[in-house]
Amino acid sequence: MSFINTTLHPSVSKAITEQGYSKATPIQQQAIPATLERRDVLGCAQTGTGKTAAFLIPILQMLLEDNYPQRRPCIKALILAPTRELALQIAENTQSLSAHTTIKHVVLFGGVSQQPQIDKLRAGVDILIATPGRLKDLMNQGHVALNQVKYLVLDEADRMLDMGFIHDIKQIIRHIPADRQTLFFSATMPTEILKLTHALLRNPVRIEVTPVATAAEQVTQYVYFSEKQQKPSLLLNLLGNQASETVIVFTKMKHVADKLSRFLNKEGISAAAIHGNKSQLQRQTALERFKHRQTRVLVATDIAARGIDVDKLSHVINYDLPQTAETYVHRIGRTGRAGAAGTAISICSREEKPMLIEIQKLIKKTITVASIPGYSQKN
Ligand code: AMP
């Protein structure tokens, strides 16, 4: 059985097989042929749908087809992503999918020294993956030329907007030839994003796979009510009771993430915290250990968790409910990925009940209430 109803370059097909992708996901089924027809694409899809391969596979295919003579590689595809974790994740996918080609990629993000990135750029690059801030800095210093870019991808555009990158993005895009193909992905389509799509895309093919409100339908969801001060010991109980192998615990605040991770380790559950105050090396080490099952629990804040891609993540636990209902959908989407089942548990204090109501409104579903004896809200 072939991966998709389109003939792909043998080196790309081989990499797809090696990745274990036997069948294209719905977004891939739609985005790959449209992109190969050189159409702009507007994809409404969240992480977990296979959207990264949905834009990487056709870009690799087109770069191989273009194959114009050149002495040194120059940047022909630019992929913009909001966070370094997501940028690294895209780079990892690019590495795997381009393994049997000579296509070169470089990833740029802030928070680390510039020089190694500049050296790699000088060595020549076909696909550049970057967060907007660092890219703009290196462009301003004259280290990046975008005048040969033919393919532009904006990934998680709504997150870029939330993080205040829109101005940087507009500035970056001014340096890219107008005669390009643009692939635009966003989990949600607020007005500001729609305006941006009108400015950037030409008659795009619209693809919508899992609208945010109905995402992660395969995730079983529970809520436990608790007093605020009981939350740490309830969490411990939940981790003890559940057949939860790999768990992400979400907290709103960075210091709470640190405190919880220390508490869990003291109680004999291996845990690590990742958040924006951790260095790049600390975050990567924590992620690698988690991916290799050396750490059972990753305690994360929302921004730090973007781009985390862990196979078979069994549980997501919301130690705190998030600030917005949409973030809840993003959080629980970390489990139940690519068709697998998953469980999402929320611990809800009295103060958080209004947010629980908002979440249920958005997902159009009442979350099952569960309880453990000894933990409840006193009336
Ligand atoms: P993404 O939405 O790009 O973050 O991808 C989510 C996960 O699905 C990643 O672990 C990918 O490696 C995986 N994936 C992507 N495409 C496929 C496919 N066609 N079949 C199975 N898994 C896939």
Side-chain angles (χ1 to χ4, degrees), residues 6-9 12 27-28 30-44 51-82 87 90 94 97-98 101-108 121 124-132 134-136 138-140 142-157 160-161 165-186 189 192-207:
T6 306
T7 311
L8 293 172
H9 195 281
V12 178
I27 189 152
Q28 291 164 358
Q30 297 174 69
I32 296 173
T35 309
L36 290 175
E37 280 167 25
R38 314 267 164 167
R39 295 280 306 269
D40 281 0
V41 168
L42 172 55
C44 188
K51 69 179 164 59
T52 316
F55 61 75
L56 282 176
I57 291 170
I59 287 180
L60 291 169
Q61 171 77 18
M62 293 189 298
L63 288 177
L64 291 166
E65 280 171 12
D66 293 348
N67 193 28
Y68 44 80
Q70 53 176 5
R71 265 182 287 149
R72 226 160 61 83
C74 59
I75 303 166
K76 291 174 226 90
L78 172 66
I79 302 170
L80 291 173
I90 297 170
T94 310
L97 291 170
S98 68
T101 72
T102 54
I103 292 170
K104 291 194 168 149
H105 71 277
V106 167
V107 57
L108 306 178
L121 285 168
V125 45
D126 301 287
I127 303 179
L128 180 63
I129 303 150
T131 55
R134 175 57 61 94
L135 174 59
K136 217 187 81 185
L138 293 179
M139 284 169 69
N140 290 342
H143 297 297
V144 184
L146 300 179
N147 56 351
Q148 300 292 319
V149 170
K150 292 180 72 178
Y151 311 111
L152 168 68
V153 179
L154 278 101
D155 198 10
E156 301 204 350
M160 297 213 245
L161 176 76
F165 282 139
I166 285 299
H167 189 65
D168 285 350
I169 287 170
K170 286 183 181 160
Q171 266 191 319
I172 291 166
I173 292 178
R174 267 186 232 128
H175 291 85
I176 302 176
D179 177 24
R180 59 156 191 268
Q181 193 177 353
T182 308
L183 313 174
F184 190 108
F185 293 87
S186 190
M189 292 286 164
E192 192 80 7
I193 289 291
L194 277 177
K195 268 199 236 159
L196 193 63
T197 65
H198 292 317
L200 297 182
L201 299 170
R202 281 167 310 183
N203 186 24
V205 175
R206 285 164 209 273
I207 301 171

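FYI, the numbering just counts along the sequence from 1. This one's a predicted model, so the numbers in the text were calculated from it and none came from an experiment.
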S.K.: Drop me the distance from Lys76's NZ to Lys104's NZ, to the nearest 0.5 angstrom.
M.R.: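 Here the rounded value is 10.5 Å.
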S.K.: Rounded to the nearest 0.5 Å, how far does CG of Leu196 lie from CD1 of Ile166?
M.R.: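 Result: 5.0 Å between the selected atoms.
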S.K.: Using the side chain to side chain donor-acceptor pair (under 3.5 Å) criterion, which residues pair with Arg38? Sequence neighbours excluded.
M.R.: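 Per chain and number, Arg38 pairs via side chain to side chain donor-acceptor pair (under 3.5 Å) with Glu65, Asp66, Tyr151.
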S.K.: Under a 4.5 Å cut-off applied to non-hydrogen side-chain atoms, are Val125 and Pro73 in contact?
M.R.: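 They are not in side-chain contact.
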S.K.: Quick check: do His9 and Leu60 have side-chain heavy atoms less than 4.5 Å from each other?
M.R.: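 Side chain of His9 against side chain of Leu60, heavy atoms only: no contact under 4.5 Å found.
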S.K.: Distance check, rounded to the nearest 0.5 Å: Asp126 atom CG versus Leu63 atom CG?
M.R.: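 The CG atom of Asp126 sits 6.5 Å away from the CG atom of Leu63.
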S.K.: Where the side chain of Gln61 meets the backbone of Val12, is there a donor-acceptor pair that is under 3.5 Å apart?
M.R.: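 Flag not set: sc Gln61 to bb Val12 has no pair under 3.5 Å.
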S.K.: Out of curiosity, Ile176 CD1 to Leu146 CG, how far, rounded to the nearest 0.5 Å?
M.R.: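 Between atom CD1 of Ile176 and atom CG of Leu146 there are 5.0 Å.
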S.K.: What residues, two or more places apart in sequence or in another chain, satisfy side chain to side chain donor-acceptor pair (under 3.5 Å) together with Arg134?
M.R.: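 For Arg134, the residues satisfying side chain to side chain donor-acceptor pair (under 3.5 Å) (neighbours in sequence not counted) are Gln117.
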S.K.: Using the rule given for side chain to side chain contact (heavy atoms under 4.5 Å, CB included), can you reason through Val149 versus His175, listing the C-alpha separation, both sets of side-chain angles and the distance that settles it, and then say yes or no?
M.R.: CA-CA 9 Å; Val149 170; His175 291 85; over 6 Å; no
S.K.: Kindly indicate, with the supporting measurements, whether the criterion side chain to side chain contact (heavy atoms under 4.5 Å, CB included) is fulfilled by Phe55 and Asp155.
M.R.: CA-CA 10 Å; Phe55 61 75; Asp155 198 10; 3.8 Å; yes
S.K.: With the side chain counted from C-beta on, respond yes when Leu154 and Leu200 share a heavy-atom pair under 4.5 Å apart, and no when they do not.
M.R.: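 When only atoms from C-beta onward are counted, Leu200 and Leu154 do touch, with a gap below 4.5 Å.
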S.K.: Just jot down the side chain to side chain donor-acceptor pair (under 3.5 Å) partners of Asp40, sequence neighbours excluded, or say none.
M.R.: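 Asp40 satisfies side chain to side chain donor-acceptor pair (under 3.5 Å) with no other residue.
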S.K.: List the residues meeting side chain to side chain contact (heavy atoms under 4.5 Å, CB included) with Glu192, not counting sequence neighbours, and say none if there are none.
M.R.: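 In terms of side chain to side chain contact (heavy atoms under 4.5 Å, CB included), with neighbours along the sequence ignored, Glu192 is linked to Leu161, Lys195.
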S.K.: Do you know which two heavy atoms are closest between Pro177 and Asn147, and how far apart they sit?
M.R.: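 Shortest heavy-atom separation between Pro177 and Asn147 comes out as CG-O, 3.2 Å.
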S.K.: Carefully, step by step, assess Asp168 and Met160 under the rule side chain to side chain contact (heavy atoms under 4.5 Å, CB included).
M.R.: CA-CA 10 Å; Asp168 285 350; Met160 297 213 245; over 6 Å; no
S.K.: Identify, with sequence neighbours excluded, every residue that meets side chain to side chain contact (heavy atoms under 4.5 Å, CB included) alongside Thr6.
M.R.: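 Partners of Thr6 under the side chain to side chain contact (heavy atoms under 4.5 Å, CB included) test: Ile4, Pro33, Leu36.
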S.K.: Partners of Thr197 by side chain to side chain donor-acceptor pair (under 3.5 Å), sequence neighbours excluded?
M.R.: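 For Thr197, no residue satisfies side chain to side chain donor-acceptor pair (under 3.5 Å) once neighbours in sequence are set aside.
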S.K.: Given Met189 and Leu42, is the side chain to side chain contact (heavy atoms under 4.5 Å, CB included) satisfied, shown in steps?
M.R.: CA-CA 10 Å; Met189 292 286 164; Leu42 172 55; 3.5 Å; yes
S.K.: Is any side-chain heavy atom of Leu128 closer than 4.5 Å to a side-chain heavy atom of Leu121?
M.R.: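 Side-chain contact under 4.5 Å: yes.
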S.K.: Report yes if the side chains of Met139 and Gln171 come closer than 4.5 Å at any heavy-atom pair, otherwise no.
M.R.: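 With C-beta onward as the side chain, the pair stays apart.
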S.K.: Glu156 side chain to Ala81 main-chain N or O, any donor-acceptor pair under 3.5 Å?
M.R.: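 No, the answer is negative, given that no donor and acceptor are paired below the 3.5 Å cut-off.
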S.K.: Could you pull out all residues at least two apart from Val205 that satisfy side chain to side chain contact (heavy atoms under 4.5 Å, CB included)?
M.R.: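 Testing Val205 for side chain to side chain contact (heavy atoms under 4.5 Å, CB included), a comparison that skips the adjacent residues, returns Ala34, Arg39, Ile207.
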S.K.: Side chains of Leu201 and Arg206, heavy atoms from C-beta outward: is any pair under 4.5 Å?
M.R.: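 No; the side chains remain at least 4.5 Å from each other.
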S.K.: Between Ile172 and Leu78, is there a side-chain heavy-atom distance shorter than 4.5 Å?
M.R.: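 SC-SC contact between Leu78 and Ile172 confirmed.
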S.K.: Could you check if a side-chain atom of Arg202 sits within less than 4.5 angstrom of a side-chain atom of Thr182, using non-hydrogen atoms only?
M.R.: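 No, side chains not in contact.
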